[in-house]
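Heads up: the structure comes next, in structure tokens.
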Amino acid sequence: QVQLVQSGGGLVQAGDSLRLSCAASGGSISRSAVAWFRQAPGKERDLVVAISWNGRKTYYADSVKGRFTISRDNAKNTVYLQMDNLKPEETAAYYCAKSKWDWPTEQETDYVDWGQGTQVTVSS
């Protein structure tokens, strides 16, 4: 079972940028789709972005299109989430997750390995 270790996150002001990283160890994610989810307090966990194994297919939730960018470096076994122009309502715990498929899907149950989560707090 691959382990996903997240880094990045923190406290920023509205309009600022952050980059999250998700590095795999104990296995490879190079043949798997990877997604980022987020969960705000008292709310369900939602899919934010996802990327195919080769980076050619991406999914973005409508709310983040044009501001968030997912990318990956398979040589480094790492996926990144660049978040620009952050909004206070995007304060949440962010999780990366590896899919059992090579192409991104929107079903949370397709994602079988999860990172530990990292808090992103956006102040107004």
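For the numbers below, each heavy atom of this structure counts, side chains included, while hydrogens, waters and symmetry mates do not.
- The shortest side-chain heavy-atom distance between S32 and W53 does not fall under the 4.5 Å cut-off.
- Side-chain contact between N54 and W103 is present, with heavy atoms from C-beta onward closer than 4.5 Å.
- Panel note: side chain N77, backbone S25; no donor-acceptor pair is recorded below 3.5 Å.
- Minimum interatomic distance between V2 and S28 (heavy atoms only, all atoms of both residues): CG2-N, 4.5 Å.
- No chain of hydrophobic side-chain contacts below 4.5 Å, direct or via other Ile, Leu, Val, Met, Phe, Trp or Tyr residues, connects F37 to V79.
- Taking the side chain as every heavy atom from C-beta outward, T91 and Q119 approach each other to under 4.5 Å.
- Closest of all the heavy-atom pairs between A61 and L47 is CB-O, 3.8 Å.
- Side-chain contact check for K57 versus P104: some heavy-atom pair is nearer than 4.5 Å.
- The six-membered or imidazole ring of Y111 lies away from that of Y95, with a centre-to-centre distance of 6.0 Å or more.
- The NZ atom of K100 lies 5.0 Å from the CG atom of D110; values are rounded to the nearest 0.5 Å.
- With hydrophobic clusters built from ILVMFWY side chains whose heavy atoms lie under 4.5 angstrom apart, W36 does not share a cluster with Y80.
- Linking ILVMFWY residues whenever their side-chain heavy atoms come closer than 4.5 Å, directly or via other members, places F68 and V122 in the same cluster.
- The structure places OG of S63 at 7.5 Å from NZ of K87, a figure rounded to the nearest 0.5 Å.
- In this structure the side chain of E108 reaches within 4.5 angstrom of the side chain of W114, judged on heavy atoms.
- Considering CG of L18 and CD of Q82, their distance stands at 8.0 Å, rounded to 0.5 Å.
- Under a cut-off of 6.0 angstrom, the local environment of CD in Q3 is sparse, with at most 12 non-hydrogen atoms contributed by other residues, nucleotides or ligands.
- No donor-acceptor pair closer than 3.5 Å links the side chain of Q6 to the backbone N or O of L20.
- Side chain of S124 to main chain of P88: no donor-acceptor pair is present (N/O by atom type, distance under 3.5 Å, no hydrogens or angles).
- The OG1 atom of T58 lies 12.0 Å from the CZ atom of R72; values are rounded to the nearest 0.5 Å.
- Contact record, C22 with L4: SG-CB, 3.9 Å, taken as the closest heavy-atom pair.
- At a threshold of 4.5 Å between non-hydrogen side-chain atoms, the residues V12 and M83 do not count as touching.
- Y94 and A92 make their closest contact through CD1-O, 3.3 Å (heavy atoms, listed as atom of the first residue, atom of the second, distance).
- In this structure the side chain of D102 never reaches within 4.5 angstrom of the side chain of R31, judged on heavy atoms.
- S99 places no side-chain N or O within donor-acceptor distance of the main-chain N or O of A33, the cut-off being under 3.5 Å.
- For R45 (side chain) and A93 (main-chain N/O), no donor-acceptor pair under 3.5 Å exists by modelled atom type.
- Of all non-hydrogen atoms in E90 and V64, the two that sit nearest each other are OE2-CG1, 3.8 Å.
- Contact record, I70 with Y60: N-OH, 3.0 Å, taken as the closest heavy-atom pair.
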